[in-house]
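Atoms within a ligand are numbered from 1 in the order they appear, just like the ligands themselves.
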Amino acid sequence: MTMGRNKNFHPRVEDLLSRMTLREKIGQMVQVAGPKGGIPDALRRQLREGRIGSMLNVTEPAISCELQRIAVEESRLGIPLIIGRDVIHGCRTIFPIPLALAATWDPQAAETCARVAAREASAAGFHWTFAPMMDITRDPRWGRIAEGFGEDPYLASLFAAAMVRGFQGSDLSSPDTLAACAKHFAGYGAAEGGRDYDAAVLSENLLRDVYLPPFKAAVDANVATVMTAFNEINGVPATGSIHLLRKILREEWGFSGFVVSDWKSIEEMVNHGFCEDGRDAARKAVQAGVDMEMQSSTYSDHLEDLVATEEIREGLIDDAAAHILDIKFRLGLFGERPLYRAAVPGQPEREALLQAKNAALRSIVLLKNNGILPLSPETRRIAVVGPLADDPYEVLGTWNRDGRTEDTITPLAAIRSLLGEKTEILHAGGMKYSRSRDTTGFAQAVQCAREADVVIFFAGEEAILSGEGHSRAYLNLPGAQETLLDEVAATGTPIVLVVLAGRPLIIGKAAEKAAAVLYGWHPGTMGGPALADLIFGVESPSGKLPITFPKAEGQIPVYYAHKNTGRPPEKLSLTMIDDSPVRAYQSSLGDAARYLDIGYQPQYPFGYGLSYTKFEYSDLRLSAGTVLPGDTIQASVRLANSGTMEAEEVVQLYVRDVTGSLTRPVKELKGFQRIRLKPGEERIVRFYIETGKLGFHNSAMQYVVEPGRFTLWIGGDSQSSLMAEFHLLPTRDMNKR
Ligand code: BGC
C-alpha cells in the first residue's frame, strides 16, 4: 500500500481500498461506453463483479439509472459509477465554441457558461465532463483548434482555470457540479502539419513555456481529472510518458486527481510503435501513471496477470484506484449527490440563453468596416443570403452532443425579429450547405441581392469541418461559396460578410469584396440574436482574435510570439516576387525571414478586433525605468472613447525580454482588461506586472527571470505601437524570489 503518497485523500478512501480485491481495484480503472437500446448480460455481470468504474456516452436516462443501480446495489462493495460526457461548450444550451469564448477575452463569461453547462449536465445525470480542452495550437489546419483557446499560453491559462472553476463550482460535492478534465495532456495541438493525431516534435522549453501553462493553471484551479493526449512527443506517446505524467504532473505540480487516457489511446501505443501488444501497453500506461483506461480493454485484460507476474507492483494499482475513489468521494457519489438521476437535458432556461447571448456578443470579431456597419434599422430592404443564414444546426459547432436545433435562433430569424415588419427581408441561401458545389440556387440569391439596399452574406464552415479528426489543408470558404460571393458582389449591392466557422479561414480575397466583415465563429444557440444586435448596432463588437489569421496556408505556422531571427523583416524594404528582374543574379543581401509572395504579415494579427467607436491610447507610463527582481512594475495608459458609441475595448499588454540566454519571442501577452467607456469618456488603465512572471525555461530547464532590457506595449492588438522600456536589474538571489 502506498497511500502515504497523497495525504489529502478523502478520509474514506483508505478504508474502502483496504477492503477491495485486486480485481475490484482494477475495475475502478476501467471506463467503457454506454450501451444503446438495452444492457447486455455481459455488461450486467461486469458491473456486479465490480469490473467497471466509469462509463461515458450513456445517453438513455433509463439505462443510465439502471447501470448505476446495478453497480451500487448488486456489486459487493456498491461503489458508484462516475459517468462522463463531452460537455464541451454547453449541454442543452450551446455556447460559442471554446475558440470563440477565448475571443471574448472575458474569462468570467466563460466561467459562467461552464457553470450553466454543469447545472444542465448534472441535472441530466452526468458527473464528469471531458472539458475544458486547453491545447495551444498555432495551426488552423488542425480541426481541434475549435475546441481550445487559441495560440497564447497566458490567455489560454486564464480560460482553462475559469472553465474549471465554472464546471466544478466552489464545492465539488454539490449536486450541480461536474468534475472537469484538463485535456489533452500534452502537446496535442502541435501535431505536425496540423494533421489530427500526428506526432509533435517539441523542445522541452517550448513545451514548458507555451504548451503546458494552461494545464498548470487548471491544476492550480484544482481540476479533478486530466486526460492524456493521443499524440507522441519526441518519440514517446503522451499516454505512456513517465516524464509528463509522473514527473511534471504529479511531482512538480502536485496534481492529486486522476488521469484518464483518451479513447483507446493506451491500445494505440501499439500502433505508435511504442508497445509490443496490449499487455505491454497496459504495463507502460500504468507505469506512466494513467489511472483510468477509456474504452480499450488492456487494463481489464492484462493488469491482474501483470501484477501476478510481478511485472508491475500492486502499489501502482492501489495508487490509481485511490485517485479515482478520491474523486468519487469528493463528487459526493457516496452521499450528497442523487445517484439515480438521469434525464434528457431539459429546455434551456431564460438565464442560460441570456448567458449564451452575452458570450456570443463578446466573442464576435469585427475584422473590417468601411463605415457601413452598424446598419440602420431603418434600412428599407435587406438581402440575407449564404448557406449559414438560416441553419439551426451548423451554428452550434463541433461537439454538440445535447443541444437541439429547435432551441437555436438562426441569424435570419433573429434579424427578422429585431427589425419587425418595417424592413423587407429577402432571403435566399443560394446554397444548401457550405460544401455544396451546386449552383442552381445562385440566381435567386443574386436576384435578392440586386433588389436590396444591402446584402448580409452568411458564409463559413459546417460544424463537421472542424473538431476532432477534421483537419483541412485548404482553409478557403468551402464548396462554391467564393463563386456565390463573386456573383453577389457583381450586383454592386454592398455586402456585410459574416463568417461562421470553427477555425480561422483564409478570407483575404472574400474580405476585399465586402464592405464589412464580422467573424462569428460557431456561436451556438443564441448566435443569431447576438449577430443581429451587432449588425444593427444595439451593441458594438468587442471580440478580439485569440489566434493569428494567416493570409495563406503556406504561411502556417504564423503566430505573434515568434522569434525575431537574425534577419527580421520589419525594418527592410523587401523585393516582392514580381519585382525581381528575369534572370536575376542570385543574391539574398538585405533579405529577411518572410515569403517572396506574401511578405511576413498575417491577414489579421493576434488580439485584433475593431469597434463601432474609436478608442485612442495615449500617455503610456511606467512606475519606474528600472526594477528589482521580485518587484512589481506598474504600467498605465490613457484610454479614450473618442467615437460616438458606448463600447468595450480589450486593452492588451505585451512584453519583450530583449536579450536572453535563450532568445525570447518578439512579444508575449502579459495582461489585458476589458473596459467599457461611454462616448467622450476616458480612463487611466493600470497594469501591475510582477517581474517574477517575465521568465522562461533556460537550457538547464530552470525557470529564470533574466536581468536586462524589457520592452512593453499597451494597445488594442498585438501590433500596437505605444511602447515603453524598463531595465530589470541583476541581484545575486534573483531567481529565488
Ligand atoms: C477525444 C476526447 C473525448 C473522448 C470521449 C476522444 O476521441 O479525443 O477529447 O473526450 O473522445 O468522447
Side-chain angles (χ1 to χ4, degrees), residues 30-36 52-59 64 81-91 97-99 114 117-118 121 124 126-137 142-149 156 160 163-164 167 178-191 194-200 211 214-215 218 223-233 237-239 257-269 271-272 285 290-297 327 397-403 463-464 466-471 502:
V30 173
Q31 181 188 53
V32 296
K36 300 263 180 278
I52 294 173
S54 174
M55 305 206 63
L56 78 162
N57 297 340
V58 190
T59 49
S64 172
L81 294 165
I82 174 169
I83 300 182
R85 180 78 165 157
D86 289 288
V87 180
I88 305 297
H89 51 107
C91 180
I97 54 170
L99 186 61
F126 301 115
H127 313 131
W128 177 21
T129 173
F130 305 119
M133 176 181 122
M134 52 198 68
D135 296 307
I136 297 292
T137 190
W142 191 50
R144 300 200 84 168
I145 194 170
E147 295 175 55
F149 306 120
M163 290 199 67
V164 169
F167 286 129
L178 295 176
C181 182
K183 75 184 188 185
H184 306 84
F185 195 64
Y188 189 32
R195 290 175 298 273
D196 205 1
Y197 316 120
D198 216 322
Y211 291 84
F215 290 94
V223 69
T225 71
V226 167
M227 185 186 292
T228 66
F230 283 126
N231 56 288
E232 64 153 75
I233 303 183
T239 301
F258 73 82
V259 175
V260 63
S261 77
D262 203 345
W263 183 274
K264 298 190 179 180
S265 69
I266 296 184
E267 184 181 277
E268 286 181 8
M269 291 202 290
N271 285 346
H272 276 288
V290 181
D291 301 310
M292 183 182 282
E293 176 171 28
M294 183 190 286
Q295 195 57 17
S296 47
S297 62
I327 295 300
T398 184
W399 282 118
N400 161 30
R401 286 282 182 256
D402 299 289
I464 194 63
S466 58
E468 186 178 352
H470 291 88
S471 296

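- In terms of polar-atom proximity, Lys183 is counted as a contact of ligand 1, with an N or O under 3.5 Å from an N or O of the ligand.
- Between Phe230 and His184, the two ring planes are parallel [angle under 30°; tilted spans 30° to 60°].
- Contacts with ligand 1 closer than 4.0 Å are made by side-chain heavy atoms of Leu56 only, the backbone lying farther away.
- Between atom CE of residue Met134 and atom OH of residue Tyr188 there is a gap of 14.5 Å, rounded to the nearest 0.5 Å.
- Atom CG of Asn400 is separated from atom CD1 of Ile97 by 12.5 Å, given to the nearest 0.5 angstrom.
- In terms of polar-atom proximity, Trp263 is not counted as a contact of ligand 1, lacking any N or O under 3.5 Å from an N or O of the ligand.
- Here the protein heavy atom with the shortest distance to atom 11 (O) of ligand 1 is Asp262 OD1, 3.6 Å.
- Taken from CE in Met55 to CD in Gln295, the straight-line distance is 8.5 Å, to the nearest 0.5 Å.
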Could you walk me through whether Tyr211 and Asp135 satisfy the side chain to side chain donor-acceptor pair (under 3.5 Å) test, starting with their C-alpha distance in whole Å, then the side-chain angles of each, then the deciding distance to 0.1 Å, before giving a yes or no?
CA-CA 7 Å; Tyr211 291 84; Asp135 296 307; over 6 Å; no
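- Looking at Arg85 against ligand 1, nothing comes within 4.0 Å, counting heavy atoms.
- Looking only at protein heavy atoms, the nearest one to atom 7 (O) of ligand 1 is Glu468 OE1, 2.8 Å.
- Looking at every heavy atom in both residues, Ala117 comes nearest to Cys91 through O-CB, 4.0 Å.
- Close to ligand 1: Arg144, with a non-hydrogen atom less than 4.0 angstrom away.
- Checking only distances, Trp399 never comes within under 3.5 Å of ligand 1, N or O to N or O.
- Residues Thr398 and Glu468 have side chains not in contact (no heavy-atom distance under 4.5 Å, counting atoms from C-beta outward).
- Close contacts between ligand 1 and Phe130 involve ligand atoms 10 (O) [criterion: under 4.0 Å to a heavy atom].
- A heavy-atom separation below 4.0 Å is not found between Tyr188 and ligand 1.
- Here Phe258 and Trp128 bring their ring centres to under 6.0 angstrom of each other.
- Between Met227 and ligand 1 there is a heavy-atom distance shorter than 4.0 Å.
- Looking at His184 next to ligand 1, an N or O pair under 3.5 Å apart turns up.
- Between Asp86 and ligand 1, an N or O atom pair is found at a separation short of 3.5 Å.
- The side-chain heavy atoms of Pro237 and Glu268, taken from C-beta on, include no pair separated by under 4.5 Å.
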